[in-house]
Amino acid sequence: KNEVEQSPQNLTAQEGEFITINCSYSVGISALHWLQQHPGGGIVSLFMLSSGKKKHGRLIATINIQEKHSSLHITASHPRDSAVYICAVLVNRDDKIIFGKGTRLHILP
Amino acid sequence: EPEVTQTPSHQVTQMGQEVILRCVPISNHLYFYWYRQILGQKVEFLVSFYNNEISEKSEIFDDQFSVERPDGSNFTLKIRSTKLEDSAMYFCASRGHYGYTFGSGTRLTVV
């Protein structure tokens, strides 16, 4: 069983739709990252969360530590949001990150 | 905004050759990492480095791999004798108080 599970694996939506990507994990963590990977391959860190909620522009990330679950929301989605979104957790007492498989998001104009 | 810089962006090498992937982490970060992503698969942890030594490594990081911080700014990953299955995107990252910053990756192709 993967320690970090994301859903959905693939998501296609129309421009303007509200997008939610979910992440569940089974290990104890000290922080959770949401990352964005564009077709060229580079990874950009969007958020690091250890509790509660963070907002940056049209992106919102939430985490529920008790339920071991996090969500990434995109409001007013745009074709330039098309990318792979990766959930990654920093494991307690270990100096490493475990990555989810990613959610491939495609926003149609 | 500070960046983690990786060079080269793409390297093609013959099987059995040694390669060195280079990274310049953010200057005031103390923790450094290498990850890799085989095409179509998820990103995998290779190794973490702190205080001039390896702090954690994965099963992937066998004797063919080594890391070094030769001059206080560069952080290198060496693969001694490359195999076809080493073909992947290799990401360097450094960690500071506010989280991780990833480099844009080196795409290694072993032929």
Side-chain angles (χ1 to χ4, degrees), chain A residues 1-10 21 23-27 29-52 54 56-57 59 61 63 70 72 83-104, chain B residues 1-11 23 25-26 29-51 53-61 67 87-109:
Chain A
K1 184 185 185 304
N2 288 319
E3 292 155 306
V4 180
E5 296 273 7
Q6 285 186 237
S7 63
Q9 285 187 296
N10 294 284
I21 299 170
C23 174
S24 297
Y25 53 91
S26 58
V27 294
I29 70 169
S30 56
L32 181 145
H33 288 260
W34 281 103
L35 309 168
Q36 182 189 56
Q37 186 173 33
H38 277 282
I43 291 178
V44 174
S45 180
L46 300 174
F47 295 104
M48 183 180 74
L49 293 163
S50 52
S51 65
K54 286 191 176 180
H56 185 247
L59 302 177
I63 188 168
S70 175
L72 176 69
V84 176
Y85 291 84
I86 302 171
C87 171
V89 299
L90 181 60
V91 181
N92 268 341
R93 293 182 295 277
D94 284 344
D95 191 20
K96 64 182 180 184
I97 294 181
I98 301 175
F99 292 78
K101 291 184 177 179
T103 294
R104 187 173 300 276
Chain B
E1 188 162 334
E3 290 183 343
V4 173
T5 305
Q6 287 188 244
T7 54
S9 56
H10 190 188
Q11 178 148 4
C23 170
I26 292 175
H29 286 186
L30 299 177
Y31 300 84
F32 313 112
Y33 308 84
W34 283 101
Y35 297 87
R36 79 171 185 190
Q37 185 180 34
I38 294 170
L39 187 64
Q41 298 187 21
K42 67 177 184 177
V43 180
E44 301 171 290
F45 168 78
L46 289 178
V47 66
S48 57
F49 192 85
Y50 170 73
N51 202 25
E53 60 183 30
I54 291 173
S55 52
E56 179 98 21
K57 60 182 181 179
S58 72
E59 292 173 355
I60 303 165
F61 194 88
V67 289
S87 295
M89 184 77 107
Y90 288 81
F91 293 100
C92 172
S94 66
R95 176 162 68 98
H97 182 69
Y98 296 105
Y100 284 77
T101 302
F102 288 86
S104 54
T106 293
R107 185 171 298 282
L108 176 66
T109 303

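Throughout, a chain's letter reflects where its sequence line sits, starting with A, and its residues are numbered from 1. Bear in mind the structure is a predicted one, so any value in this text is a computation, not a measurement.
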Quiz prompt | Least distance between heavy atoms, A:K101 atom then B:K42 atom | solution = CA-CB, 3.8 Å

Quiz item: Non-hydrogen atoms of chain A under 4.5 Å away: do they reach the side chain of B:Y31, the backbone, both or neither?
Solution: side chain

Quiz item: Relative to chain A, which segment of B:Q41 carries a heavy atom at a distance below 4.5 Å: side chain, backbone, both, or neither?
Solution: neither

Self-check item: Heavy-atom pair of closest approach, residues A:L90 and B:Y100
Solution: CD1-OH, 3.2 Å

Quiz item: Would B:F102 and A:L35 count as a side chain to side chain contact (heavy atoms under 4.5 Å, CB included) if you check the C-alpha gap in whole Å, the side-chain angles of each, and the deciding distance to 0.1 Å?
Solution: CA-CA 10 Å; B:F102 288 86; A:L35 309 168; 3.7 Å; yes

Quiz item: How would you list all residue pairs meeting salt bridge (Lys or Arg N to Asp or Glu O under 4.0 Å) that involve residues 32-52 of chain A, not counting sequence neighbours?
Solution: none

Practice problem: State, to 0.1 Å, how close A:I97 and B:F45 come at their nearest heavy-atom pair, and which atoms those are. | Solution: O-CB, 3.8 Å

List the atom pairs, donor and acceptor, that lie under 3.5 Å between side-chain atoms in residues 88-96 of chain B and the rest of the protein, sequence neighbours left out.
| residue | atom | partner | partner atom | Å |
| --- | --- | --- | --- | --- |
| B:Y90 | OH | B:D86 | O | 2.7 |
| B:S94 | OG | B:I26 | N | 3.4 |
| B:S94 | OG | B:H29 | ND1 | 2.7 |
| B:R95 | NE | B:Y33 | OH | 2.7 |
| B:R95 | NH2 | A:D95 | OD1 | 3.0 |
| B:R95 | NH2 | B:Y33 | OH | 3.3 |

